[in-house]
Amino acid sequence: MSEQAVTAQSEDFSRWYNEIVYRADLASPSPVRGCVIIKPYGYEIWEGIKAGLDRRFKETGHQNAYFPLFIPESYIKREAEHVEGFSPELAVVTHAGGKELDEPLVVRPTSETVIGEAFSDWIQSYRDLPLLINQWANVVRWELRTRPFLRTAEFLWQEGHTAHATHDEAEAETLQMLDVYADCAMNDAAIPVIKGEKSRMERFAGALRTYTIEAMMRDKRALQCGTSHNLGQNFAKAFDIRYLTEENAQRYCWTTSWGLSTRMVGAVVMTHGDDKGLRLPPKLAPYQVVIVPIYKSDEQRGAVMDAVERLSRSLDSAGIRVHIDRREGQSPGFKFNDWEMRGVPVRMEIGPRDVEKNNAVLARRDVPGRAGKQFVSQDGIVDVLQSLLVDIQRSLLEDARAFRDAHIQDVETCQQLEEAVAAGEWARAWWAGSDDDELKVKDDTGATIRCFPFEQPGGAGACVLTGRQSKRIALFAKAY
RNA sequence: CGGGGCGUGGCGCAGCCCGGUAGCGCGCACGGUUUGGGUCCGUGAGGCCCCCGGUUCGAAUCCGGGCGCCCCGACCA
């Protein structure tokens, strides 16, 4: 990189995003088109998300399992809408072991089909229900336009798959898992999300209903962060997932699936990042505190490093993820900027003056400049840091929420909708349109229905396009 | 798949019009200097100039062909 500073967000958001992803060491380009290498610093953010989700999955009674990467082509074709939805983006293995395969193998774009087939074996009676399974896996979707984390040909995710005796149980599961996602987004990633239902157009291929959590990025575009699908009996019928009731009757199961991917890492970057780079929420930050030692002479170095090591140990034993920047070649000023770019929530400076006074300098990433700096005693610094980290987590969420709420407009006419979207804002409007109407809005404005939010104003109003009375409002935005 | 651009040390680029055997910034290594907001100086390592063919005494440069990538329009966690 020739220039030292990253491109400003305001100047060119997508350039900012690309630069920060590479310069903050989240990812590096891969030799394969559309794929990226996730580097340790980026992967640790994913691991944080993963740990939080996995804990919640277990708490709600799910178990992890693993299904094959390869899916017989015929499986994909068993559910009509499903094939149609996915076939353009499938990667297919036609040769293996030096010869052509009898039946091509699809590299999974998602696993409803293989898992459906397995479920039909596993489930015999109502006693086997509900069946609550999750898998952590990679999937492949041959996308045309790719961007690191947001859309790559291969990505990591979890996919939950469950089977239930009744529609209502499946629906409750679908909604419960959406809540789990929303909880993870808000409390771990500090991303305020809007829960809602997808329109028919945006629904998962083969689902009865799709629910989503939608977030606003710093460029005001919408990002779908996770989805939960009530699959009805579509896959149960396609894969013959049946159970025997207490009354000895054969019934099809009701199934669900839900997924959240490494896209969430991109969401963290784009929700909190500023002109200087990343701002990581403490709960997900690989390093919550970075200590930058400052010294001139060797004797200063000895005294400073003693204090640094001691402080590091006490933070570590308090469960704070701490890192000492021991690099010799770089000046403190360089290190300050470097760690700010990499989004570390708190920087601790320890220099000769601090050693002398038993002090330390703390600088919080979410408050720029001197205002974010404080001088504290080394005694009791662990407690100070603990509450500082909690406060940073809270303030990132609040900032993001305030930003989002300031950029959602209620609109009543087509023209207002168009103007709002043209200004980059989200628009909220009554909606009673058809699929074609929805397409028309997309053609005219570039915005799509992100969701019908669960939180509705109540009452009824005139549809923004058709003028027909509607009881639902929809959220429109340009999306990733 | 239609329109535009680009392939030159790890990264970003210049050189190409006007052929003469490759350069700059960053990064990297070593030494020194500096270190409380992106130090400075010196030395050094590192290049099938995308590939194949042609023209020429001589090709990164000119000509022909191929490949790859990026950007913009129809799909998407």
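Chain letters run A, B, ... following the sequence lines, proteins first and then strands; every chain starts at 1.
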Tell me the partner of B:rC67, counting only Watson-Crick (N1-N3 plus N6-O4 or O6-N4) or G-U wobble (N1-O2 and O6-N3) with both under 3.5 Å; none if nothing fits. B:rG7

Rounded to whole Å, please give me the gap between CZ in A:R203 and C1' in B:rA77. 17 Å

For nucleotides B:rC26 and B:rG42, find the distance between their P atoms and express it as a whole number of Å. 11 Å

Indicate, with a heavy-atom threshold strictly under 4.0 Å, whether A:L150 touches base, sugar-phosphate, or nothing. base

Separation between the C1' atoms of B:rG9 and B:rC49, rounded to whole Å: 10 Å

Compare the minimum distances between each of B:rU35, B:rG38, B:rA77 and the side chain of A:N337, then state the nucleotide with the smallest one. B:rG38

I need the CH2-P distance between A:W136 and B:rA77, as an integer number of Å. 18 Å

Across the strands shown, which category fits A:Y480 at heavy-atom distances under 4.0 angstrom: base, sugar-phosphate, nothing? nothing

Partner nucleotide, any strand, of B:rG37 [Watson-Crick/G-U, under 3.5 Å]: none

Taking salt bridge (charged side-chain N to carboxylate O under 4.0 Å, His left out) as the definition, give me every residue that meets it alongside A:R428, ordered by chain and number, with sequence neighbours left out. A:D410

Establish, yes or no, whether a centroid distance under 6.0 Å links the rings of A:F235 and A:H82. yes

Salt bridge or not for A:R209 and A:E171, using N-O below 4.0 Å? yes

Tell me: NE2 of A:H82 to P of B:rC75, nearest whole Å? 20 Å

Mind checking who B:rG23 pairs with, Watson-Crick or G-U wobble, both distances under 3.5 Å? B:rC13

Using only heavy-atom distances, decide whether a donor-acceptor pair under 3.5 angstrom links the side-chain of A:D354 to the base of B:rG36. yes

Nearest-Å distance, CH2 (A:W339) to P (B:rG38)? 18 Å

Heavy atoms only, 4.0 Å cut-off, all strands: where does A:G351 land among base, sugar-phosphate and nothing? base

For the C1' atoms, the ones on B:rC62 and on B:rC69, what distance do you get once it is rounded to whole angstrom? 24 Å

Regarding B:rG37, can its base be found pairing with the side chain of A:R347 as donor and acceptor, where the two atoms are less than 3.5 Å apart? yes

If you measure from the Lys or Arg side-chain nitrogens to the Asp or Glu carboxylate oxygens, is any gap between A:E438 and A:K442 under 4.0 Å? no

Per A:I294 side chain, nearest of listed nucleotides B:rC75, B:rG36, B:rA77: B:rG36

Between A:E349 and A:K335, is the closest basic N to carboxylate O distance under 4.0 Å? no

With sugar-phosphate meaning primed atoms plus P, OP1 and OP2, does A:T152 contact a base, only sugar-phosphate, or nothing at under 4.0 Å between heavy atoms? base

When you compare B:rC13 with B:rU55, how far apart are their P atoms, in angstrom units rounded to a whole number? 35 Å

Taking the side chain of A:K442 as heavy atoms from C-beta outward, which of B:rA77, B:rC75, B:rG37 is closest to it? B:rC75

For nucleotides B:rA14 and B:rG5, find the distance between their P atoms and express it as a whole number of Å. 15 Å

What integer number of Å spans the P atoms of B:rU8 and B:rG47? 15 Å

Describe the nucleic acid contact of A:K373 in one word from base, sugar-phosphate, nothing, applying a heavy-atom distance below 4.0 Å. base

Scan every strand shown for a Watson-Crick or G-U wobble partner of B:rA45, both distances under 3.5 Å, and answer none if you come up empty. none

Sticking with atom C1', work out how far B:rU61 lies from B:rG7, rounded to a whole angstrom. 14 Å

In Watson-Crick or G-U wobble terms, with both distances under 3.5 Å, the base opposite B:rG2 is B:rC72

Identify which nucleotide among B:rG37, B:rG36, B:rA77 has an atom closest to any side-chain atom of A:R353, counting heavy atoms from C-beta outward. B:rG36

Please determine, by modelled atom types, if A:E112 and A:S257 share a side-chain donor-acceptor pair under 3.5 angstrom. yes

Nearest-nucleotide pick for A:P352, side chain only, options being B:rG36, B:rA77, B:rC75: B:rG36

Taking only the side-chain heavy atoms of A:P332 (C-beta and beyond), determine which of B:rU35, B:rC76, B:rA77 contains the nearest atom. B:rU35

Would you measure the distance from the P atom in B:rA60 across to the matching atom in B:rU21 and give it in whole Å? 10 Å

First of A:L439 and A:S297 reached from the 5' end of RNA chain B, by closest nucleotide: A:S297

Would you classify A:V361 as touching base, sugar-phosphate or nothing, given that sugar-phosphate means primed atoms plus P, OP1 and OP2, and contacts are heavy atoms under 4.0 Å? base

Could you say whether A:Q330 or A:M341 is positioned toward the 5' end of RNA chain B, judged by the nucleotide with the nearest heavy atom to each? A:Q330

Tell me whether the guanidinium CZ or amine NZ of A:R108 lies under 6.0 angstrom from the six-membered ring centre of A:F70 and within 45° of its axis. no

Have a look at A:R327 and say if it touches a base, only the backbone sugar-phosphate, or nothing, with a 4.0 Å heavy-atom cut-off. nothing

Now, which nucleotide makes the Watson-Crick or G-U wobble pair with B:rC62, with each of the two distances under 3.5 Å? B:rG54

Can a cation-pi geometry be assigned to A:R151 and A:W142, taking NZ or CZ under 6.0 Å from the six-membered ring centre and within 45° of the ring axis? no

Nucleotide B:rC40, atom P - distance to CZ of A:F334 in whole Å: 12 Å

Rounded to the Å, how far apart are A:M201 CE and B:rA74 P? 13 Å

Would you indicate what A:E349 reaches in the nucleic acid, counting non-hydrogen atoms under 4.0 angstrom: base, sugar-phosphate, or nothing? base

If I take atom CE in residue A:M264 and atom C1' in nucleotide B:rA77, what distance separates them, rounded to the nearest angstrom? 12 Å

Distance check needed: B:rC70 P versus A:E19 CD, whole Å only. 17 Å

